[in-house]
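One structure is given here, and the rest of the page talks about it.
Quick note on labels: first sequence line is chain A, next is B, and so on, each numbered from 1.
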Number of protein chains: 2
Amino acid sequence: MSSLTRKERERQQREALFLDIAYDILRNEGIKALTMEKVAQVGEYSKGTVYGHFSCKEDIISALSIRTLMLQKAMMQNVLEGQWSSRERILGCALVYVLIQVKYPRLHYCVLSLNDPQISTKLSFAMQELYAESEEQVNSLLVDTISEAQLVGDLPNDTAPEEIAYAIRAMVFGMSLIGHPSLETATRSHLNTLLDGFGWQPLTRDADYHHFWQQTREELLAVSIPEIHSAY
Amino acid sequence: MSSLTRKERERQQREALFLDIAYDILRNEGIKALTMEKVAQVGEYSKGTVYGHFSCKEDIISALSIRTLMLQKAMMQNVLEGQWSSRERILGCALVYVLIQVKYPRLHYCVLSLNDPQISTKLSFAMQELYAESEEQVNSLLVDTISEAQLVGDLPNDTAPEEIAYAIRAMVFGMSLIGHPSLETATRSHLNTLLDGFGWQPLTRDADYHHFWQQTREELLAVSIPEIHSAY
DNA sequence: ACCTGAACACCGTTCAAGT
DNA sequence: ACCTGAACACCGTTCAAGT
């Protein structure tokens, strides 16, 4: 291995270290406590070095969000591997959304700030690209699942898959942002209502989605939600 | 009138001035540009005077949000005065949500920050109370409309009105936060799907909600959305 | 070539001093 | 009693100097 490769490896390790630190601060002390200075201090590097990795504070949040989106994608793929009906598959994807948002609540809120043009323009170009791609990948899993449901006739095809995916994301997203004392139950229940509205077979009255939901929930929690960061 | 009353009046006028200024900055330059210093400067007062009205920066955002909630409430009451079916009434309320969120996009995003405990604890107690009450008032309009629909038999009563209101808010809220090239149309369409799922009569296939939506939209835009602030 | 940390600008918040 | 603005702490960002 050349020297450059070792350098590159060290650089990536350091970047991961900074992200681990940033996420820990965010989780334990909130967004206001997440500062470039603190990340540098805890990591025992200078501020300049942190800026060598992230162009600004929002770049860090963006990178954290990308890591979470990748986890979300992996969890959804995990669900989609199972032998489930099309409607169970989409419910499983929604369940992943909820579990992720319950697990990383502060992060999901911070990500919204990236929509502000005044902020998103500060992101490094590479990070913007990567973020858009990650979101697209997760959304594709939804859209593909919906398309398949229409193909096999479980779901009327008078509405475009992208539109149905949008409605589902909006609903799940909105519920976790507003908050609910029993968020998972509420999500299962109200999302099923929406799917009934779309005419997605079998309708709630003809199937027991409660059981699928619980089982998938246990499996996902047991297997697929490690802490995002390694110890440092 | 006593001197105290005049003082009080002047104080309220100044508070309104600060809010007008804050909203203008937020709208034109974004949340990052909204600083206590700038509000003071533009208003030609000292920073200390601004702090005499608002305990912190978030207090201002909270106050702005309360003003918007009051406008939202007035618009919803405007819709609810009309002779509409129960389902049209709830659609009208949702339309108000969308119009408000399109009109004050940055504000609606900022309000989310108030959910962070690290931030909400900084708000003055009076402001916290007022904010909670304003939200409650708007939500009550939804809940009451839903209850009435169940009473007259337009809507099955196997789900609590509060839960249905939650689902509706989540969906509309989520859609405007995620964004959509045709937000109003998407909201009308997908919300109707959700209402169909709840079994809210008459179902989409049996009624023309498009026409109601357009008409109400025109009326609301013509009558009820003044700029929130007076010129200063 | 890479890393440092001093330096600058800016902002939130407080409070002693002035009117 | 009310208002001011200097003062302090803190943070984002840059960059000349060091290794």
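The CD atom of A:Glu58 sits 12 Å away from the C1' atom of D:dC11 (whole-angstrom rounding). In this structure, the NZ atom of A:Lys32 is 11 Å from the P atom of D:dC11, given to the nearest Å. Rounded to whole Å, atom P of C:dG12 lies 10 Å from atom CD1 of B:Ile31. C:dC11 atom P lies 9 Å from atom CD of B:Gln41, rounded to whole Å. Nucleotide D:dT13 holds its P atom 11 Å from the CG atom of A:Leu123, rounded to whole Å. For the pair B:Met36 CE and D:dC11 P, the computed distance is 18 Å after rounding to whole Å.
Under the rule for a salt bridge (charged side-chain N to carboxylate O under 4.0 Å, His left out), the partners of B:Lys47 that lie at least two apart in sequence or sit in another chain are B:Glu37.
Counted by atom type alone, B:Gln77 and B:Glu81 present zero donor-acceptor pairs between their side chains at under 3.5 Å.
Within 6.0 Å of atom CD in B:Glu44, 12 or fewer heavy atoms from other residues, nucleotides or ligands are found, so the atom counts as exposed in its surroundings.
For the residue pair B:Cys56 and B:Met36, the shortest heavy atom distance occurs at C-CE, 3.8 Å. Taking both residues in full, the closest heavy atoms of A:Arg89 and A:Thr145 are given as CB-CG2, 3.8 Å, listed atom of the first, atom of the second, then distance. Across A:Gly30 and A:Arg106, no two heavy atoms sit closer than the pair CA-NH1, 3.3 Å. Shown here for A:Ala63 and A:Phe54, the closest heavy-atom pair between the two residues is CB-CE2, 3.9 Å.
For B:Tyr23 and B:Tyr104, the ring centers are positioned less than 6.0 Å apart.
Secondary-structure stems of DNA chain C, taken as three or more successive Watson-Crick or G-U wobble pairs (i with j, i+1 with j-1) under a 3.5 Å distance threshold, comprise C:4-8 with D:12-16, C:12-16 with D:4-8.
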Could you run down nucleotides 3-10 of chain D 5' to 3' and tag each one B, S or - for protein heavy-atom contact under 4.0 Å?
SBB-B---

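Within 4.0 Å of A:Lys122, counting heavy atoms only, lie sugar-phosphate atoms of the nucleic acid but no base atom.
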